[in-house]
Amino acid sequence: MTETTLSIIKPDATKRNLTGRIIAHFEEHGLQVAAMKMTQLSRREAEGFYAEHKARPFFGELVDFMCSGPVVLMALKGEGAVMKNRELMGATNPAEAAEGTIRKLYARSIGENSVHGSDSAESARRELSYFFPATDLY
Ligand code: ATP
Ligand code: MG
């Protein structure tokens, strides 16, 4: 089934000039960019986006980090795109990420882990609508 999911290239990666390599990784593994914009998130936007983690001890750190530099917001489209994107990203903690995954290749720590990806079809719908009106998708 063709799906669309939300991907974010996080500030640790944009600052290290990894944007092109990360997009190429998705394209080389069967996902297509269906919408894309580079922006710097406000605190309000980052807090709203990660609202599900509000009670976690790392929430403040997570919001600070996500606002610390530019991010690239992307809608990625393809067969089983939600789970495919999660597989390509690798585990949250790069120390536990499989060989060849984006986080294994590029992430610096569990916090500065280079990419975000929606974790279910329902999250993908919510997260895509948070950043992209349906009319922006190709
Ligand atoms: P994401 O939602 O960014 O795709 P994920 O689904 O793999 O990542 P979540 O459990 O949703 O992981 O955590 C959201 C983000 O919060 C992580 O990507 C990471 O940046 C940060 N985070 C998670 N756990 C920790 C932690 N123990 N310490 C610091 N930051 C953390
Ligand atoms: Mg998550």
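Ligands are counted one by one from 1 in listed order, and the atoms in each one are counted from 1 as well. Since the model is a prediction, treat every value here as computed from it, not as a measurement.
Across the listed options Lys10, Arg103, Met89, Arg103 owns the non-hydrogen atom lying nearest to atom 8 (O) of ligand 1. When the heavy-atom distances from atom 11 (O) of ligand 1 to Glu52, Glu127, Met66, His53 are ranked, the shortest goes to His53.
Under the 4.0 angstrom criterion for non-hydrogen atoms, Ile110 is in contact with ligand 1. Ligand 1 lies less than 4.0 angstrom from a heavy atom belonging to Tyr50.
With respect to atom 15 (C) of ligand 1, the closest heavy atom belonging to the protein is Leu62 CD1, 3.9 Å. Looking at atom 23 (C) of ligand 1, its nearest protein heavy atom turns out to be Phe58 CZ, 3.4 Å. Nearest non-hydrogen protein atom to atom 6 (O) of ligand 1 is Arg86 NH1, 2.9 Å. The closest protein non-hydrogen atom to atom 5 (P) of ligand 1 is Thr92 OG1, 3.6 Å. If you check which protein heavy atom lies closest to atom 20 (O) of ligand 1, you get Gly111 O, 3.0 Å. Looking at atom 1 (P) of ligand 1, its nearest protein heavy atom turns out to be His116 ND1, 3.0 Å.
Residues Thr101 and Met89 are not in side-chain contact: their nearest non-hydrogen atoms beyond the backbone lie 4.5 Å or more apart. Between Met38 and Val71 the shortest side-chain heavy-atom distance does not fall below 4.5 Å. You'll find the side chain of Val63 stays beyond 4.5 Å of the side chain of Phe58, heavy atoms only.
The minimum heavy-atom distance linking Pro70 with Gln40 is given by the pair N-OE1, 4.1 Å. Contact record, Arg108 with Pro94: C-CG, 4.3 Å, taken as the closest heavy-atom pair.
Ser114 and Asp12 form a side-chain donor-acceptor contact under 3.5 Å, judged by distance and modelled atom types alone. Looking at His116 and Glu127, their side chains do bring a donor and an acceptor atom within 3.5 Å of each other.
Near Gly117, the atoms of ligand 1 lying under 4.0 angstrom from a non-hydrogen atom of the residue are 4 (O). Shown in contact with Asn113 at under 4.0 Å from a heavy atom are these atoms of ligand 1, numbered in order with element: 17 (C), 18 (O), 19 (C), 20 (O).
Geometric assessment of Lys37 against the ring of Phe132 yields a positive cation-pi assignment under the 6.0 Å and 45° thresholds.
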